[in-house]
Amino acid sequence: MLHAFLIRSICFMEGEGLKTKQAIDGNDFQATHFVFYDLEEPIGATRIRWFQDFAKIERTAFRPAYRSPKVLKRLSVDVFAHVARKGYDKLITHAGPNFVPVWRRFLGFEVVDKPALVSPEYEDCIEMIKRLDVPANAITMESDISTLYRVEGAWDQPTWLG
């Protein structure tokens with residue numbers, strides 16, 4: 001969590017001038033966080049929140065030296081696979097107008113036909129969706145009980161319970 005907050009502080013607070021309450025909020029304690037590293041150095045972070053029939057990717061940030069389509073695409077593979085493994089076939093995000101082309105071109109998201117969220121404190125938010133292929137080994141109610149005890153994202157690695 002510390003590294004996720006560190007990345008957001010660098011990118012959102014220092015880089016974009018956001019207030020703390022805009023960069024870090026109560027949803028952080030009910031979400032799955034991904035922190036991306038170059039060796040031991042945190043270079044990017046994103047969080048996923050889970051809803052009934054979709055997941056939402058938010059607060060995606062990369063330190064300036066690591067912002068490239070190659071890095072973004074490589075790391076998105078792991079995030080998309082994680083979401084799909086949990087059985088979700090829809091992943092949404094809300095992107096500012098300047099970032100819509102990035103989400104569309106490099107990550108395969110499509111703009112949803114909804115009005116944008118207009119905020120006086122921040123840029124408009126446009127909803128986008130990525131449709132995912134759920135794998136045959138998605139985590140479901142039919143999954144082996146020991147799988148449900150395993151570490152998040154390491155469902156194939158047995159623990160002391162099996």
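The analysis underlying the following values was restricted to heavy atoms, covering all of them including side chains, and did not include hydrogens, waters or symmetry mates.
Between Phe5 and Phe29, the ring planes are perpendicular. Angles over 60° get that label, and only those under 30° would be called parallel. Relative ring orientation between Phe62 and Phe36 is described as parallel, the plane-to-plane angle staying below 30° on a 0-90° scale split at 30° and 60°.
Distance check: Thr147 OG1 to Ile139 CD1 gives 5.5 Å after rounding to the nearest 0.5 Å. One distance of note links CG of Leu75 with CD1 of Ile43; it measures 6.0 Å at 0.5 Å rounding. Here Asn98 contributes atom CG and Ile126 contributes atom CD1; the two are 9.0 Å apart, rounded to the nearest 0.5 Å. To the nearest 0.5 angstrom, Asp156 atom CG is 4.0 Å from Arg85 atom CZ. Atoms CD1 and CZ, from Ile48 and Phe80 in turn, are 8.5 Å apart once rounded to the nearest 0.5 Å. Note that NZ of Lys130 is 13.0 Å distant from CZ of Arg104, once rounded to the nearest 0.5 Å.
Of the possible donor and acceptor atoms, one in the side chain of Thr46 sits under 3.5 Å from a partner among the backbone N and O of Glu58. The main-chain N or O of Phe51 is found under 3.5 Å from a side-chain atom of Tyr88 such that the two form a donor-acceptor pair. Using a distance-only test at 3.5 Å, with no hydrogens or angles considered, a donor-acceptor pair links the side chain of Thr159 to the main chain of Leu161. Judged by distance alone, with hydrogens and angles left aside, the side-chain atoms of Thr93 form no donor-acceptor pair with the main-chain N or O of Met128 at under 3.5 Å. Under the 3.5 Å distance criterion, the side-chain polar atoms of Lys114 are left unmatched by any main-chain donor or acceptor of Glu127.
For Gln22, the side-chain contact (heavy atoms from CB on, under 4.5 Å) criterion is met by Leu18, Lys19, Glu121, not counting sequence neighbours. Listed by chain and residue number, Lys90, Ile129 satisfy the side-chain contact (heavy atoms from CB on, under 4.5 Å) test with Arg131 (two or more places apart in sequence, or in another chain).
Arg63 and Asp38 are not joined by a salt bridge, as no carboxylate oxygen comes within less than 4.0 angstrom of a charged side-chain nitrogen. Between Arg47 and Asp25 a salt bridge is recorded (basic side-chain N to carboxylate O distance below 4.0 Å).
In this structure the side chain of Ile92 never reaches within 4.5 angstrom of the side chain of Val112, judged on heavy atoms.
More than 12 heavy atoms of other residues, nucleotides or ligands lie within 6.0 Å of CD in Glu16, so this atom counts as buried by the packing criterion. Counting non-hydrogen atoms of other residues, nucleotides and ligands closer than 6.0 Å to OH of Tyr149 gives a total of 12 or fewer. Environment of CZ in Phe99: sparse, with no more than 12 heavy atoms of neighbouring residues, nucleotides or ligands closer than 6.0 Å. Atom CG of Asp133 is surrounded by 12 or fewer heavy atoms from other residues, nucleotides or ligands within 6.0 Å.
Tracing side-chain contacts under 4.5 Å through hydrophobic residues (I, L, V, M, F, W, Y), one reaches Phe109 starting from Leu72; they form part of the same cluster. At a threshold of 4.5 Å between side-chain heavy atoms, the hydrophobic network of Ile, Leu, Val, Met, Phe, Trp and Tyr places Tyr66 and Phe34 in one connected group. With hydrophobic clusters built from ILVMFWY side chains whose heavy atoms lie under 4.5 angstrom apart, Tyr37 does not share a cluster with Ile10. Both Val111 and Leu91 are assigned to one and the same hydrophobic cluster, defined by single-linkage of ILVMFWY side chains at heavy-atom distances under 4.5 Å.
The shortest heavy-atom contact between Pro42 and Val35 is CB-CG1, 4.0 Å. Nearest approach of Ala23 to Arg59, heavy atoms of both residues: O-NE, 3.5 Å. What you find for Cys11 and Arg67 is that their closest heavy atoms are SG-NH2, 3.6 Å. Nearest heavy-atom pair, Asp28 versus Met1, reported as atom, atom and distance to 0.1 Å: O-CE, 3.5 Å. Smallest separation of non-hydrogen atoms from Val134 and Ala84: CG1-O, 3.6 Å. Counting all heavy atoms, side chain and backbone alike, Ile24 lies closest to Ser9 at CD1-OG, 4.4 Å.
A centroid separation of 6.0 Å or more is found between the aromatic rings of His94 and Trp103.
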